[in-house]
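Lettering follows sequence order; numbering is per chain, from 1.
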Amino acid sequence: MKRLGIVCKWIDTPDQIESVKPKDDAKKYNTATTTVAWLSRQKREVAEERLWQIMEQNISSIGLLISRVGDLEPEMRMVRLSSEVFPCYTEPAWRYFWFRPDVRAYAEKHLLPVGDIARAKGVRLSFHPGPFTVLASDRPAIVELSIQEMEYHADIVRWLGFGKTFQDFKINIHISGKRGPDGVRQNYGRLSPEARNCLTIENEEMTYGLDQCLGLSDIVPIVLDIHHHWTREGEYIQASDPRISRIIDSWRGVRPVIHYSVSREEHLVGHASDRLPAHDALISSGLNKQKLRAHSDFYWNTAVNSWALSHWQWADIMCECKSKNLGTRQLWQQAKNAGLISQ
DNA sequence: GAGGGTCAAGTCCGT
DNA sequence: ACGGACTTGACCCTC
């Protein structure tokens, strides 16, 4: 099955890109969170009560989200879960809460049925820990926190009943740190088996591009972000490119996932929506890479969409647009119109 | 309820 | 030095 994925959030209308209001129906599909600052201002009892309530609410919301995604057309049954399922899990002041036996017992009991929904409905799941997760950092303390962050995600994966086989669930991060690919390689061995089963590495727009990521392809699958690659190299990489077969090999038989986003339309003033933007012309017109990085709300350029869909033959496509499921459906519709979806 | 300030964390680029 | 981009815009508080 070929899939297009949805990232982290469910919305019903474009105005919810900004924010989902408390009484919006979409609220129930999305995770709640809190802040360290707010928790620290409360009495311990109040703070713990809030964390417990968020735990219950978020287990419910990811269950509803996965279930809803599982009712979509088969080609859209893929969703990235927000990292905020259990907020402050790796925050030193509140970590103790999440390691309380009663909290873990609750998580274990109630997350497994959520994972069962995903398995029953064929929903492909993933996480994308935040940019603070830097296994290749040259600062040892950051590496420690990053391993904790990976293990936080791995705990949830395990409770959901995944992480048992290679890439039954994806936890994707960047290289990012000064130690580069070797830093990832060295710390890879410190991860739990479940975290290692899930780990993938994605190419960045600025620092570590596809070629450097491919240096890790013997231990970890490579997630190609085609927009990052375009931003960094100015190249519309083609499915026939030899590097693609190296990426496919890194997934060892599992269908790869790539990421697809497009630059914001307002940064490409007056650009036709049916032509591929020319990277060199944009840069020489004074647009910097910073501007090219920012993700659009919708998939406004049909030519870029067609190029992205040309990769669908070999990979599932995670749709990183601000309009979330609305943008995923937009791309799905273009795929259907192009005859890429049967019936 | 709306609006504005605040929010754990790394790393980079551009001003 | 600092804002903003990536990662999840949501929460909290005041009016």
Look at the side-chain N and O atoms of [X] and state whether any lies under 4.0 Å from the OP1 or OP2 oxygen of [N].
{"X": "Thr34(A)", "N": "dC12(C)", "result": "yes"}
{"X": "Lys178(A)", "N": "dG10(B)", "result": "no"}
{"X": "Lys322(A)", "N": "dT8(C)", "result": "no"}
{"X": "Lys21(A)", "N": "dC11(C)", "result": "no"}
{"X": "His174(A)", "N": "dC12(B)", "result": "no"}
{"X": "Trp38(A)", "N": "dC13(C)", "result": "yes"}

Nearest listed nucleotide, side chain of [X], among [options]:
{"X": "His128(A)", "options": "dA10(C), dT8(C), dC7(B)", "answer": "dT8(C)"}
{"X": "Ser137(A)", "options": "dT11(B), dT8(C), dC7(B)", "answer": "dT11(B)"}
{"X": "Arg139(A)", "options": "dA8(B), dT11(B), dC13(C)", "answer": "dT11(B)"}
{"X": "Thr35(A)", "options": "dA2(B), dC7(B), dA10(C)", "answer": "dC7(B)"}
{"X": "Arg80(A)", "options": "dT7(C), dG10(B), dC12(C)", "answer": "dT7(C)"}
{"X": "Cys8(A)", "options": "dC12(C), dA2(B), dT8(C)", "answer": "dT8(C)"}
{"X": "Lys324(A)", "options": "dT11(B), dT8(C), dC12(B)", "answer": "dT8(C)"}
{"X": "Met206(A)", "options": "dT11(B), dA10(C), dC13(B)", "answer": "dC13(B)"}
{"X": "His295(A)", "options": "dC11(C), dT7(C), dA9(B)", "answer": "dT7(C)"}

Rounded to whole angstroms, how far apart are [atom1] on [X] and [atom2] on [N]?
{"X": "Ile175(A)", "N": "dC12(B)", "atom1": "CD1", "atom2": "P", "answer": "12 Å"}
{"X": "Arg50(A)", "N": "dC13(C)", "atom1": "CZ", "atom2": "P", "answer": "11 Å"}
{"X": "His153(A)", "N": "dT8(C)", "atom1": "NE2", "atom2": "P", "answer": "9 Å"}
{"X": "Asp225(A)", "N": "dC6(C)", "atom1": "CG", "atom2": "P", "answer": "11 Å"}
{"X": "Arg232(A)", "N": "dC6(C)", "atom1": "CZ", "atom2": "C1'", "answer": "15 Å"}
{"X": "Glu205(A)", "N": "dG10(B)", "atom1": "CD", "atom2": "P", "answer": "19 Å"}
{"X": "Tyr208(A)", "N": "dC13(B)", "atom1": "OH", "atom2": "P", "answer": "11 Å"}
{"X": "Ile54(A)", "N": "dC12(C)", "atom1": "CD1", "atom2": "C1'", "answer": "12 Å"}

Interatomic distance at [atom1], [N] relative to [M], whole Å:
{"N": "dG5(B)", "M": "dG3(C)", "atom1": "C1'", "result": "16 Å"}
{"N": "dA5(C)", "M": "dG3(B)", "atom1": "C1'", "result": "24 Å"}
{"N": "dC13(C)", "M": "dA8(B)", "atom1": "P", "result": "13 Å"}
{"N": "dT8(C)", "M": "dG4(B)", "atom1": "P", "result": "27 Å"}
{"N": "dG9(C)", "M": "dG4(C)", "atom1": "C1'", "result": "15 Å"}
{"N": "dC7(B)", "M": "dT7(C)", "atom1": "P", "result": "23 Å"}

Exercise. Which pairs count as salt bridge (charged side-chain N to carboxylate O under 4.0 Å, His left out) when at least one residue sits in residues 3-12 of chain A, sequence neighbours excluded?
Worked result: none

Exercise. Residues in side chain to side chain donor-acceptor pair (under 3.5 Å) with Glu73(A), at least two apart?
Worked result: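 Only Arg329(A) meet the side chain to side chain donor-acceptor pair (under 3.5 Å) criterion with Glu73(A).
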
Exercise. Does CD belonging to Gln313(A) count more than 12 external heavy atoms closer than 6.0 Å?
Worked result: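 Yes.
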
For this session: Decide if atom CD of Glu235(A) counts as having more than 12 heavy atoms of other residues, nucleotides or ligands within a radius under 6.0 Å.
Result: yes

For a quick check of understanding: with a heavy-atom distance under 4.0 Å over all strands, which category does [X] fall into, base, sugar-phosphate or nothing?
{"X": "Arg41(A)", "answer": "sugar-phosphate"}
{"X": "Gln16(A)", "answer": "nothing"}
{"X": "Val20(A)", "answer": "sugar-phosphate"}
{"X": "Ala32(A)", "answer": "sugar-phosphate"}
{"X": "Ile142(A)", "answer": "sugar-phosphate"}
{"X": "Thr33(A)", "answer": "sugar-phosphate"}
{"X": "Glu204(A)", "answer": "nothing"}
{"X": "Lys23(A)", "answer": "nothing"}

For this session: Tell me the stems DNA chain C sits in, counting at least three consecutive Watson-Crick or G-U wobble pairs, each under 3.5 Å on both distances.
Result: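 Result, WC/G-U stems under 3.5 Å: B:1-7 with C:9-15, B:10-15 with C:1-6.
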
For this session: Please confirm whether Trp98(A) and Tyr152(A) have ring centers closer than 6.0 angstrom.
Result: no

Exercise. Would you say the ring centroid of His229(A) lies under 6.0 angstrom from that of His259(A)?
Worked result: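 His229(A) vs His259(A): aromatic centres not under 6.0 Å.
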
Exercise. Is the cationic atom of Arg158(A) (NZ for Lys, CZ for Arg) positioned less than 6.0 Å from the six-membered ring centroid of Phe169(A) and within 45 degrees of its normal?
Worked result: no

Exercise. Parallel, tilted or perpendicular: which describes the rings of Tyr236(A) and Trp230(A), with under 30° parallel and over 60° perpendicular?
Worked result: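 Plane angle between 30° and 60°, so tilted.
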
Exercise. In terms of ring plane angle, is the pair Tyr106(A) and His110(A) parallel, tilted or perpendicular, where the classes change at 30° and 60°?
Worked result: parallel

For this session: Kindly confirm whether the side-chain ring of Phe132(A) is stacked on the base of dA9(B), judged by centres under 5.5 Å and planes under 30°.
Result: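 Yes, Phe132(A) stacks on the base of dA9(B).
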
For this session: Assign each of Glu18(A) and Pro129(A) to its nearest nucleotide of DNA chain C by heavy atoms, then name whichever residue's nucleotide is nearer the 5' end.
Result: Pro129(A)

Exercise. Is the closest side-chain heavy-atom distance between Leu51(A) and Thr34(A) below 4.5 Å?
Worked result: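 Answer yes - side chains close enough.
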
Exercise. Does a side-chain heavy-atom distance below 4.5 Å link Glu75(A) with Leu340(A)?
Worked result: no

